[in-house]
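As the structure lists them, so they are numbered: ligands from 1, and atoms in each ligand from 1. These numbers come from a predicted model, not from an experiment.
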Amino acid sequence: MAKLEARNICKHFDSIQGGKAQESAISNINLSIKDGEFVCLVGPSGCGKTTFLNILAGLDRPSEGEVMLDGRPVVETGPERIMVFQENALFPWLRVVDNVEFGLKVKGVEKTKRNEIAMQYLEMMQLTKFADAYTYQLSGGMKQRVAIARALAIDPVVLLMDEPFAALDSQTRDLLLVELQLIWARTKKTIVFITHNIIESVCLGDKVIVFTKRPGTIKKEIIVDYRRPRLPEDEGLREYQRTILNELKGEIAAKDL
Ligand SMILES: Nc1ncnc2c1ncn2[C@@H]1O[C@H](COP(=O)(O)OP(=O)(O)OP(=O)(O)O)[C@@H](O)[C@H]1O
Ligand SMILES: [Mg+2]
């Protein structure tokens, strides 16, 4: 049985030009994700990737179709599915360490234990020195690493990540590409990860899903059968990159590539 399953998902929004007309953002998405699978979503800007992830998280309802988690329909958010947002969503009034501890506090984990867990993930994200800082004192990439630490600390079964590495410098990103694979291998999480970066998608994904342009639907599923941990510079990943790029070319104007 699939861990997470999208069945015929469609989402219509009111037209942003006004009027009563509704426009489809995504249409007929069918996707079956196995327990412990790492799935990457790529596609042109505006094709509905974030919309789809919000629906998987239960943050938004589909106009048609349904999402199943362990065979049961998803109707709302839950602690077993944690989202890392495209733009960081930290609490500015809390210190970094309190941000990371927040979900654990809600879960009822006692103070010493949750501090220990938070510090462990902050160390992984190389942010130990900033534990007592406030988020306005951090750069964009640092804030994003705090958001990733916070999501991992909660130890969700399903991790939904919306371009979590987009704001990172390339050295930090390469480090986290490996780190995330190690965490995933250790914890057997199911991960759905949106990215615009093809190298990132083949480095991380067991499967890379290519979306069409809006209204987004699945164009192609590419299985990346390659040893782990993978490094961005691995020659063996080049062929997968080319395949994905070719699929995307038809969907993205040349100027966007
Ligand atoms: N609340 C909303 N009301 C109206 N239209 C919306 C709403 N949210 C998203 N859209 C539209 O739906 C489409 C898909 O948006 P979405 O944010 O899911 O794209 P995306 O694939 O994540 O893009 P990007 O790669 O740029 O993040 C866009 O055309 C967007 O304008
Ligand atoms: Mg998006």
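Contact between G48 and ligand 1 is present, with at least one heavy atom of the residue lying under 4.0 Å from the ligand. Look at H196 and you'll find a heavy atom under 4.0 Å from some atom of ligand 1. The shortest heavy-atom distance from E23 to ligand 1 is not under 4.0 Å.
Remark: E101 engages K111 in a salt bridge, criterion side-chain N to carboxylate O under 4.0 Å. A salt bridge links K189 and D155; the closest N-O separation between the charged side-chain nitrogens and carboxylate oxygens is under 4.0 Å. Under 4.0 Å is where a charged nitrogen must lie from a carboxylate oxygen, and between R7 and E5 at least one such pair does. Look at R228 and D206 and you find a salt bridge, because one of the NZ, NE, NH1 or NH2 atoms lies within 4.0 Å of a carboxylate O, short of that distance. Taking the charged nitrogens against the carboxylate oxygens, K113 and E110 have no contact shorter than 4.0 Å, which rules out a salt bridge. A salt bridge is defined here as a Lys NZ or Arg NE, NH1 or NH2 lying under 4.0 Å from an Asp or Glu carboxylate O, and K11 with E64 fails to meet this definition. Using a cut-off of 4.0 Å between Lys/Arg side-chain N and Asp/Glu carboxylate O, E163 and K49 are scored as not salt-bridged.
In the hydrophobic clustering of this structure, V109 groups with I82; members are Ile, Leu, Val, Met, Phe, Trp, Tyr whose side-chain heavy atoms approach within less than 4.5 Å, directly or through other members. Both I218 and L53 belong to a common hydrophobic cluster when Ile, Leu, Val, Met, Phe, Trp and Tyr are linked at side-chain heavy-atom distances under 4.5 angstrom.
Below 3.5 Å of separation, one finds no N or O of D14 facing any N or O of ligand 1.
At the top of the distance list for atom 14 (C) of ligand 1, counting protein heavy atoms only, stands G46 O, 3.4 Å. In terms of protein heavy-atom proximity, atom 30 (C) of ligand 1 is nearest to R214 NH1, 3.9 Å. Protein heavy atom at the shortest distance from atom 4 (C) of ligand 1 is F13 CB, 3.3 Å. Of the protein's non-hydrogen atoms, the one nearest atom 16 (P) of ligand 1 is T51 OG1, 3.6 Å. Summary of contacts: the protein heavy atom closest to atom 27 (O) of ligand 1 is Q86 NE2, 2.8 Å. Closest to atom 22 (O) of ligand 1 among all protein heavy atoms lies T50 OG1, 2.7 Å.
Residue-and-atom listing of protein N/O/S atoms under 2.8 Å from the Mg ion (ligand 2), sorted by chain and number: T50 OG1, Q86 OE1.
Geometrically, R95 does not engage F130 in a cation-pi contact, judged by NZ or CZ lying under 6.0 Å from the ring centre and within 45° of the ring axis.
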Expected list for residues 67-80: side-chain donor-acceptor pairs under 3.5 angstrom, two or more places apart:
{"unit_1": "D70", "atom_1": "OD1", "unit_2": "K3", "atom_2": "NZ", "d": "3.0"}
{"unit_1": "D70", "atom_1": "OD2", "unit_2": "K3", "atom_2": "NZ", "d": "3.2"}

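Remark: the T112 side chain and the N115 side chain contain no N/O donor-acceptor pair separated by less than 3.5 Å.
Taking all heavy atoms of A166, S45, A25, C47 into account, the minimum distance to atom 26 (O) of ligand 1 is reached by S45.
Of all atoms in ligand 1, listed by their number and element, those nearer than 4.0 Å to a heavy atom of E163 are 25 (O), 27 (O).
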